[in-house]
Amino acid sequence: MAHQQRSGPHLSPSSDTEDSAGMSRLLAPRLAYFAGVARTEHVTRAAQEMRVPQSTLSRAMVRLEQDLGVDLFARRGRTVSLTPAGRTFLSSVERALAEIERAAEEVRADADPATGKVAFGFLHTMGSETVPGLIRAFRADHPRVRFSLVQNYGEAMLEGLRSGELDLCLTSPVPDAPDLVGRLLDEQKLRLVVPADHRLAARKRVRLAEAADETFVTLEPGYGMRRITDDLCQEAGFKPRIAFEGEEAETLRGLVAAGLGVALLPPPAVPRPGVVELTVTAPRAVREIGVAWLDGHPDTPPVAAFKKFLLSRRGHLLPD
């Protein structure tokens, strides 16, 4: 059966994004009204249930039909029944309203102070001990807060903050960008990692300049540790010769053990056989660890609580 068409003005169908958005803006406020009238098949009863004036509801239905250019109801006084077009439209409207309600429940649940969610990013080198310890300590007082965790390199996490994928991240170096807030939490000493049979392996301390002729294995460009490595080598008076660029610190340790080169790295969670970790006396070899978030971004209660917790760990974030 063909749908009855109205001759009044309405938005014509279009694949153009702007036209589609315009139609959505016109229809969205009236969809719940339409579903209520369709469910009761009575304008007065629907108005009472939805606690809106009957005149408001009647006008909204007339305008909805005008915008669509289709009769949705057959009217007999205040009693109405759906036309075939109305039944088709109702099926999609009910799905759309159910999806909106599901999304509303989800965001309310994520913002719940006791059971909400924190989207938290952290560096690969923070994953074995630091982050598990932080979450364990936080959940002692907030046992039902949920975490959505992302492990990545620094620049990727900052983009995650900007896109809304992350609420907070632990990163290095502490970002200095106008759209982000960064707070220093701790410093981590870096070591020159050499093979166990290396000429420097019998030493406990070393100046970085003593490794000027060595081949280095490093993290890829874009990683905070790579930038720190390049800067420290430059400060020591040389540019490192790179044999391999990786994505994970423990992979680099394995390659050092295999004799592929040396590396500047933070201390390992568990000592690795086949390598020796030397204290660097000059230049001062540390990396700053900080927490970052998007400036001006409102926090839900669980995010605010976890942010406060992280800031309270300033100076003792890292395991001893």
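Nothing here was measured: the structure is a model prediction, and the numbers come from that model.
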K.L.:
If we only count heavy atoms from C-beta on, is the His124 to Glu247 side-chain gap below 4.5 Å?
P.N.:
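Side chain of His124 against side chain of Glu247, heavy atoms only: no contact under 4.5 Å found.
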K.L.:
Taking only Lys NZ, Arg NE, NH1 and NH2, and the carboxylate oxygens of Asp or Glu, determine whether Arg108 and Glu101 approach each other closer than 4.0 Å.
P.N.:
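Counted as a salt bridge, because a side-chain N and a carboxylate O are separated by less than 4.0 Å.
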K.L.:
Given Leu170, which partner from the list Leu317, Asp186, Leu123 fulfils the side chain to side chain contact (heavy atoms under 4.5 Å, CB included) test?
P.N.:
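That would be Leu317; it is the only one of Leu317, Asp186, Leu123 passing the side chain to side chain contact (heavy atoms under 4.5 Å, CB included) with Leu170.
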K.L.:
What pairs with Ser92 under side chain to side chain donor-acceptor pair (under 3.5 Å), at least two apart in sequence or on another chain?
P.N.:
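Expected list: Arg95.
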K.L.:
For the residue pair Met50 and Ala32, what are the closest heavy atoms and their distance?
P.N.:
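So the two residues come closest at SD-O, 3.7 Å.
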K.L.:
Can you confirm whether Lys307 is buried at NZ, in the sense that more than 12 heavy atoms of other residues, nucleotides or ligands lie under 6.0 Å from that atom?
P.N.:
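Yes - once you tally the heavy atoms of other residues, nucleotides and ligands closer than 6.0 Å, there are more than 12.
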K.L.:
Hey, are Arg241 and Thr215 close enough side-chain-wise for a donor-acceptor pair under 3.5 Å?
P.N.:
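Present: a donor and an acceptor within the cut-off.
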K.L.:
Determine whether Phe122 and Ile228 fall in the same hydrophobic cluster, where Ile, Leu, Val, Met, Phe, Trp and Tyr are linked whenever their side-chain heavy atoms lie under 4.5 Å apart.
P.N.:
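No; Ile228 is not reachable from Phe122 via cluster members.
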K.L.:
Less than 4.5 Å apart, any side-chain heavy atom of Phe120 and any of Val131?
P.N.:
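Side chain of Phe120 against side chain of Val131, heavy atoms only: contact under 4.5 Å found.
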K.L.:
How far apart are the closest heavy atoms of Leu57 and Val37, and which atoms are they?
P.N.:
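Scanning both residues completely, I find the closest heavy atoms to be CD2-CG2, 3.6 Å.
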K.L.:
Once you measure the plane-to-plane angle for Phe147 and Phe306, does it fall in the parallel (<30°), tilted (30-60°) or perpendicular (>60°) bin?
P.N.:
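Plane angle over 60°, so perpendicular.
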K.L.:
Mind telling me whether Phe89 and Phe34 have parallel, tilted or perpendicular rings, with 30° and 60° as the class edges?
P.N.:
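If you compare the ring of Phe34 with that of Phe89, the planes turn out tilted.
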K.L.:
Which residue in the set Arg287, Gln188, Glu250 passes side-chain hydrogen bond (donor to acceptor under 3.5 Å, both in side chains) when paired with Thr125?
P.N.:
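Answer after filtering Arg287, Gln188, Glu250: Arg287.
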K.L.:
Quick one: are Met225 and Thr218 in side-chain contact, heavy atoms under 4.5 Å?
P.N.:
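Sidechains of Thr218 and Met225: no contact.
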K.L.:
Can you classify the ring geometry of Phe138 versus His142 as parallel (below 30°), tilted (30 to 60°) or perpendicular (above 60°)?
P.N.:
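Because their plane-to-plane angle is under 30°, the rings of Phe138 and His142 count as parallel.
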